[in-house]
Amino acid sequence: MSPIVPALTPFAHHVAAFSASTLPWLDIVGIAVFAASGALAAARDRQTIVTFGFFAAITGLGGGTVRDVLIGAPVFWMHASMPLLVCLVMTVLVWALPERLWPRRALDWFDAFGLAAYTVYGSAKALAWDIPPLPAVGMGVVSACMGGIIRDVVAGVPSILLRPELYVTAAAVAAVLYVTLETWNLPSFTAALIATAAGFALRAAAIVKGLGLPLYRSR
């Protein structure tokens with residue numbers, strides 16, 4: 001007699017389908033580029049390799065940690081070695097490679113791609129955990145922005161939230177676009193590709209052209 005296997009609940013099916021999809025690769029990509037941006041921030045301030053690793057870890061893992069706590073999911077890097085390993089690898093790469101190999105604005109460009117990829121992944125994971133669409137958009141923004149905010153606070157530099165050029169807005173656009181396309185039942189990979197490209201393009205335009213939202217003026 002074969003063992004009785006309990007049927008998966010709809011929620012468990014969502015989580016299982018998400019885990020088996022290609023979207024978790026966005027997590028690895030996002031962690032890698034955010035960790036590189038954190039290590040580059042330490043390089044800019046001429047810090048030790050320990051500080052390189054710390055900045056890489058808090059930038060790469062900070063946003064996802066806050067997201068998982070808020071949606072009630074197990075904190076991702078506590079149950080797998082890959083996230084921390086990726087941070088360590090990026091730490092060593094940034095430390096070991098000559099500074100001339102990193103473009104002058106490498107920190108901004110790594111951060112821009114990490115922003116787009118991690119926004120989409122954060123929203124996708126929130127949806128998989130049965131979070132409604134609007135909070136799922138918020139979780140995408142939190143995933144993408146919190147690591148950089150923590151990095152800037154620790155580094156003692158103005159937070160990305162206080163910079164005039166578009167940053168959080170780019171994450172919000174990517175998150176809204178992904179959640180909307182998912183709601184319209186577009187294949188997850190296609191939705192993720194479109195949303196990531198849109199978020200990165202908007203952030204890239206902000207870096208190159210200095211695009212920003214209008215500032216408040218007292219009346």
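Just so we're clear, the structure is a prediction, and the values are computed from it rather than from any experiment. Values below: every heavy atom of this structure, side chains too, minus hydrogens, waters and symmetry copies.
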Plane angle bin for Phe113 and Phe200 - parallel if under 30°, tilted between 30 and 60°, otherwise perpendicular: perpendicular
Which pair of non-hydrogen atoms, one from [X] and one from [Y], has the smallest distance, and what is that distance?
X      : Y      : answer
Gly199 : Ala116 : C-CB, 4.0 Å
Ala144 : Ala171 : CB-CB, 4.4 Å
Ile31  : Gly60  : CG1-O, 3.6 Å
Ser123 : Tyr178 : CB-CD2, 4.1 Å
Trp95  : Gln47  : CZ3-O, 3.6 Å
Pro135 : Ile131 : CB-CG2, 3.5 Å

Members sharing Leu177's hydrophobic cluster (side chains within less than 4.5 Å): Leu181, Trp184, Leu186, Ile194
Derivation and outcome, side chain to side chain contact (heavy atoms under 4.5 Å, CB included), residues Phe54 and Ile58: CA-CA 6 Å; Phe54 181 74; Ile58 61 172; 3.8 Å; yes
Pair Thr51-Thr48, side-chain donor/acceptor within less than 3.5 Å: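 The criterion, which ignores hydrogens and geometry beyond distance, is satisfied for Thr48 and Thr51.
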If I take atom [atom1] from residue [X] and atom [atom2] from residue [Y], how far apart are they, to the nearest 0.5 angstrom?
X      : Y      : atom1 : atom2 : answer
Ser37  : Phe55  : OG    : CZ    : 11.0 Å
Leu88  : Ser81  : CG    : OG    : 10.5 Å
Thr59  : Asp152 : OG1   : CG    : 8.0 Å
Ser143 : Leu115 : OG    : CG    : 10.5 Å
Met139 : Leu70  : CE    : CG    : 4.5 Å

Decide whether [X] and [Y] are clustered together by the hydrophobic rule: side chain heavy atoms of Ile, Leu, Val, Met, Phe, Trp, Tyr closer than 4.5 Å, transitively.
X     : Y      : result
Val89 : Val86  : yes
Leu84 : Met82  : yes
Val69 : Leu127 : yes

Any pair counted as side-chain hydrogen bond (donor to acceptor under 3.5 Å, both in side chains), so long as it reaches residues 111-120, sequence neighbours left out: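 The answer is Asp27-Tyr118, Asp111-Arg151, Asp111-Tyr167.
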Residues Met90, Leu85; criterion side chain to side chain contact (heavy atoms under 4.5 Å, CB included); working and verdict: CA-CA 9 Å; Met90 298 312 296; Leu85 179 61; over 6 Å; no
Side chain to side chain contact (heavy atoms under 4.5 Å, CB included) between Lys125 and Asp68, worked out: CA-CA 9 Å; Lys125 185 167 185 178; Asp68 286 352; 3.1 Å; yes
Which donor-acceptor pairs under 3.5 Å do the side chains of residues 72-79 make with protein atoms, sequence neighbours left out?
from: Trp77; atom 1: NE1; to: Thr65; atom 2: OG1; distance (Å): 2.7

Exam field: side chain Arg203 to backbone Leu166, donor-acceptor pair closer than 3.5 Å: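 Judged by distance alone, yes, a pair lies under 3.5 Å.
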